[in-house]
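Here's the structure we're looking at; comments come further down.
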2 protein chains.
Amino acid sequence: MTHSEPALRSQILVIAQRKFIASGYHGLAMREIAEALGVSKAALYYHFKDKEELFLAVLLPYLDSMEGVLDDIAAQPGSSAEHIRRFVSHVLGQLAEERAIIRLGSQEMGQLSAASRKAFGKVYQEKFIGKLKAIVQAGMARGEFRQLDPEIVTWALLGMMYPYFYPAHTGNKALPEETIRIVTSIFLEGIAPPAAR
Amino acid sequence: MTHSEPALRSQILVIAQRKFIASGYHGLAMREIAEALGVSKAALYYHFKDKEELFLAVLLPYLDSMEGVLDDIAAQPGSSAEHIRRFVSHVLGQLAEERAIIRLGSQEMGQLSAASRKAFGKVYQEKFIGKLKAIVQAGMARGEFRQLDPEIVTWALLGMMYPYFYPAHTGNKALPEETIRIVTSIFLEGIAPPAAR
DNA sequence: ACACTTACTTACCGGTCGGTCAGTAAGCGA
DNA sequence: TCGCTTACTGACCGACCGGTAAGTAAGTGT
């Protein structure tokens, strides 16, 4: 195989993701990552120029994959309600450790340099929030959903899933399917037009 | 007046609240608070034994006041829907800087020592989540709401307000009243029983 | 008047932070 | 075999962290 990605780099990303989620940006020291991997701290700086670059290297690929998922969903036939259902099902269906990245990004955005914050905010908006909002708006245009401020509605949907972006949310006795079913149901019934009742 | 609370102590709390919300627990240095007030860092340690105690002194009074608000709401006559409406209205009606404390607590809980985390978690549960859940459950018992897992429903309600716990949520062109109206409407329609449709 | 408390300041501590730099062992194309 | 690149290590740096000890000026009760 020709010059494949060095093994250490991807190992760093795996550990960094897990630890950033658990400890936050300032709460995690570079030393901790190095020790967990049994390498020197300087090895991290060979692969990433600074802590901020490593942090973004954890966040951005997730947004890329989310963009793909949202594009897929929007392109499929079926009602907008079905699109929403698929989205919720996808996000709450994946491992808590995966989806926690969404929280990590919005939570720690303020800790980054102005340049990184702006750049990340743009990607976050374009690849995630904007795409989700488009799905919501399509449903409104079709008359499937009530005509409400799409910004607020989109954030309401995202917010309903937010508690499950915390790994510490251990009190969830309910099965994932049960959670997906209820969250989807509340949201879709909540924005259904009066005609549908 | 006999031995009133020293002025500096409450000033520390005001500044600490603002700065903890903006920077998080690890992101804010004690030095910064002292400098903002024009006093020495050691002065902070005269009023609070360590950083953690100061942090909790910011969080806990808010939970106390929230308990009072929730008890008031639950004690009033009127439908459970009206109780929910009042709760959302109260939280989203107050200043963003105030309600951001809710996020601060759940967000940074993991950074505290095991003892503080446990203690805070208990208060958080008893004075806030538990009281809110009781209101939701009362509505279900009355047949006003659908019979769903009250845990999930409560978190859905809280989650819908979560985006507004971020001061950085600057893209909110909508008026507070508009936001309150839509969030309340989606939630209440979302959990309304089929009979009501 | 004097002892004692309150509310601080100044100076300092050990530890940890993100980050750098010189060196080096291994592999590889010519 | 040589020169160059890749992928690190070990030692170290200044800055900054939370926290403390000693001192002090201004009251306050007796």
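Residue numbering restarts at 1 for every chain, and letters A, B, ... go by the order of the sequence lines.
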Whole angstrom value for the distance that separates C1' of C:dG18 from CZ of A:Phe48: 16 Å

Return the value, rounded to whole Å, for the distance between atom CG of B:Leu54 and atom P of D:dG19. 10 Å

Considering heavy-atom distances to DNA chain C, does A:Lys51 or B:Ser40 have its closest nucleotide positioned more toward the 5' end? B:Ser40

Rounded to whole angstrom units, what separation is found between the CG atom of A:Leu37 and the P atom of D:dA7? 16 Å

Side chain of A:Ala42, heavy atoms from C-beta onward: which of C:dC21, D:dC8, D:dA21 has the nearest atom to it? C:dC21

Quick check on side-chain hydrogen bond (donor to acceptor under 3.5 Å, both in side chains): which of B:Lys51, B:Gln111, B:Glu108 does B:His26 satisfy it with? B:Gln111

In whole Å, I'd like the distance from the CG atom of B:Leu44 to the P atom of C:dA7. 15 Å

B:Glu35 CD to C:dT9 P, straight-line distance once rounded to whole Å: 13 Å

With sugar-phosphate meaning primed atoms plus P, OP1 and OP2, does B:Ala29 contact a base, only sugar-phosphate, or nothing at under 4.0 Å between heavy atoms? sugar-phosphate

Could you state the CD1-P distance from A:Ile33 to C:dG19, rounded to the nearest angstrom? 11 Å

Row check, B:Tyr166 ring normal vs B:Arg103 NZ/CZ: under 6.0 Å, within 45°: yes

What is the nucleic acid contact for B:Leu28, judged by heavy atoms within less than 4.0 Å: base, sugar-phosphate only, or nothing? sugar-phosphate

Taking the minimum atom-to-atom distance to the side chain of A:Asp50, which one of C:dG19, C:dC17, C:dC8 wins? C:dG19

Looking at D:dC17, I'd like to know if its phosphate oxygens (OP1 or OP2) sit under 4.0 Å from a side-chain N or O belonging to B:Arg31. yes

Whichever of B:Glu52 and A:Gly38 has its nearest DNA chain D nucleotide further upstream toward 5': A:Gly38

Donor-acceptor pairs under 3.5 Å, side chain of residues 11-22 of chain A to any protein atom, not counting sequence neighbours: which ones?
none

Side-chain contact test, heavy atoms from C-beta onward, threshold under 4.5 Å: evaluate it for B:Lys127 versus B:Leu70 and give yes or no. no

ring-ring contact (aromatic ring centres under 6.0 Å, His included) with A:Phe55: of A:Tyr25, A:Phe48, A:Phe120, only one passes, and it is A:Tyr25

What I want to find out is whether B:Glu177 reaches B:Arg181 closely enough, with some N-O distance under 4.0 Å, to be called a salt bridge. no

Please determine, for the side chain of A:Tyr46, which listed nucleotide (C:dC8, D:dT6, C:dC17) has the closest atom? D:dT6

Does anything in residues 104-113 of chain B come within less than 4.0 Å of DNA chain D? Heavy atoms only, and list the residues if so. none

Any side-chain N or O of B:His47 under 4.0 Å from OP1/OP2 of C:dT6? no

With five pairs defining each end axis, the helix from C:dA1-D:dT30 to C:dA30-D:dT1 comes out bent, to 10°, by 0°

I need the CE-P distance between B:Met30 and D:dT20, as an integer number of Å. 11 Å

Nearest 0.5 angstrom please: A:Leu37 CG to A:Leu44 CG, how far? 7.5 Å

Hey, could you give me the CG/CZ distance between A:Leu54 and A:Arg9, rounded to the nearest 0.5 Å? 9.0 Å

Is any N or O donor-acceptor pair between the side chain of A:Lys41 and the base of C:dG19 shorter than 3.5 Å? yes

If you measure from OG on B:Ser185 to CD1 on A:Ile152, what distance do you get to the nearest 0.5 Å? 11.0 Å

Rounded to whole Å, how long is the line connecting atom NE2 of A:His26 with atom P of C:dC17? 13 Å

Kindly indicate whether the side chain of A:Leu157, heavy atoms from C-beta on, has any atom under 4.5 Å from the side chain of A:Val88. yes

Verify the contact: side-chain N or O of A:Tyr45 to OP1 or OP2 of C:dG19, cut-off strictly under 4.0 Å; return yes or no. yes

